[in-house]
**Student:** 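Provided herewith is a single structure, encoded as structure tokens, for subsequent inquiry.
Bear in mind that the values here come from a model prediction, so they are computed numbers and not experimental data.
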Amino acid sequence: VQLQASGGGLVQAGGSLRLSCAASGRTFSNYVMGWFRQAPGKEREFVAAISWGGGTTHYADSVEGRFTISRDNAKKMVYLQLNSLKPEDTAVYYCAAALTLKASIEGGFLSWGQGTQVTVSS
């Protein structure tokens with residue numbers, strides 16, 4: 001599956017953004033979809049993941065309660081709603097596909113596209 005994230009930008013602390021990810025390929029609904037992020041000089045960090053049907057989600061502790069992941073299998077889209085943004089959320093955000101939720105949480109993504117930059121000013 002090929003992925004392309006969009007929707008990033010510059011926002012003040014406390015603001016919101018909605019990231020979108022467009023997928024191509026016939027087997028989109030077979031994948032767990034997730035987001036990870038990477039800030040300059042830091043390791044890649046898991047953000048959120050959602051199961052094949054959308055019924056199960058998992059979030060990193062650092063974003064729990066502020067971010068919401070969702071998907072639309074008919075449109076082959078994945079979304080990440082970012083609320084109450086903090087400067088430490090600044091990073092490039094990547095949309096990615098995995099076979100299981102466990103794999104996504106552990107960084108075992110099979111594919112990911114170009115990321116989208118999120119910058120949060122204080």
**Student:** Once the angle between the rings of Y94 and F36 is folded into 0 to 90°, is it parallel (under 30°), tilted (30 to 60°) or perpendicular (over 60°)?
**Tutor:** parallel

**Student:** Just by distance, do the side chain of N73 and the backbone of K76 share a donor-acceptor pair under 3.5 Å?
**Tutor:** no

**Student:** To check you understand the geometry: which heavy-atom pair defines the closest contact between A91 and A39, and what is its length?
**Tutor:** CB-N, 3.8 Å

**Student:** Please determine which of V118, L80, D89, L10 meets the side chain to side chain contact (heavy atoms under 4.5 Å, CB included) test together with L17.
**Tutor:**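 Of all the options given, the one that passes is V118.
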
**Student:** The test is side-chain hydrogen bond (donor to acceptor under 3.5 Å, both in side chains); show your working for S24 and Q4 and say whether it passes.
**Tutor:** CA-CA 9 Å; S24 61; Q4 179 63 54; over 6 Å; no

**Student:** Counting only heavy atoms not in E88 (residues, nucleotides, ligands), do more than 12 fall under 6.0 Å from its CD?
**Tutor:** yes

**Student:** Below 4.5 Å, heavy atoms only, C-beta onward: do M77 and F28 meet side chain to side chain?
**Tutor:**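 Side chain of M77 against side chain of F28, heavy atoms only: no contact under 4.5 Å found.
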
**Student:** Taking atom CD of Q114 and atom SG of C95, what is their separation to the nearest 0.5 Å?
**Tutor:** 12.5 Å

**Student:** Are any of the side-chain heavy atoms of R66 and K86 separated by less than 4.5 Å?
**Tutor:** yes

**Student:** How long is the straight-line distance from OG of S104 back to CG of L110, given to the nearest 0.5 Å?
**Tutor:** 10.5 Å

**Student:** Does S16 use its side chain to pair, donor to acceptor, with the backbone of N83 at less than 3.5 Å?
**Tutor:** no

**Student:** Using the rule that two of Ile, Leu, Val, Met, Phe, Trp, Tyr join whenever any of their side-chain heavy atoms come within less than 4.5 Å, decide whether F46 and V63 are in one cluster.
**Tutor:** no

**Student:** State whether the side chain of T27 and the backbone N or O of N30 hold a donor-acceptor pair below 3.5 Å, judged by distance alone.
**Tutor:** no

**Student:** Tell me whether the guanidinium CZ or amine NZ of R44 lies under 6.0 angstrom from the six-membered ring centre of W112 and within 45° of its axis.
**Tutor:** yes

**Student:** Answer yes if L82 and W35 sit in the same cluster of Ile, Leu, Val, Met, Phe, Trp and Tyr residues linked by side chain heavy atoms under 4.5 Å apart, and no otherwise.
**Tutor:** yes

**Student:** Do you reckon V120 sits in the same ILVMFWY cluster as V92, going by side-chain contacts under 4.5 Å, direct or chained?
**Tutor:**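 No, separate clusters.
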
**Student:** Which distance, rounded to the nearest 0.5 Å, do you find between the CG of L101 and the OG1 of T57?
**Tutor:**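 If we round to the nearest 0.5 Å, L101:CG and T57:OG1 are 8.5 Å apart.
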
**Student:** I'd like to know if F109 and L99 are part of one continuous hydrophobic network [Ile/Leu/Val/Met/Phe/Trp/Tyr, side-chain heavy atoms within less than 4.5 Å].
**Tutor:**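 Hydrophobic grouping puts L99 apart from F109.
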
**Student:** When you group the ILVMFWY residues by side-chain heavy-atom contacts below 4.5 Å and let the links chain together, are V32 and I69 in the same group?
**Tutor:**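 I69 and V32: separate clusters.
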
**Student:** Under the criterion side-chain contact (heavy atoms from CB on, under 4.5 Å), I'd like the reasoning laid out for L19 against T116: C-alpha separation, chi angles, the key distance, then a yes or no.
**Tutor:** CA-CA 8 Å; L19 307 184; T116 184; 4.0 Å; yes

**Student:** Are any non-hydrogen side-chain atoms of S111 and Q2 less than 4.5 angstrom apart?
**Tutor:**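 No, side chains not in contact.
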
**Student:** Would you please say whether a donor-acceptor pair under 3.5 Å links the side chains of S62 and E45?
**Tutor:**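 Yes, side-chain donor-acceptor contact under 3.5 Å.
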
**Student:** Donor-acceptor pair, R37 side chain versus Q117 backbone, under 3.5 Å?
**Tutor:** no

**Student:** Kindly confirm or rule out a cation-pi arrangement of R18 over Y79, judged by NZ or CZ under 6.0 Å from the six-membered ring centre and within 45° of its axis?
**Tutor:**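 Yes, R18 lies over the aromatic ring of Y79.
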
**Student:** Is there side-chain contact between Y31 and V1, with at least one heavy-atom pair below 4.5 Å?
**Tutor:** yes

**Student:** Using 30° and 60° as the class limits, which term best fits the ring planes of F67 and Y93: parallel, tilted or perpendicular?
**Tutor:** tilted

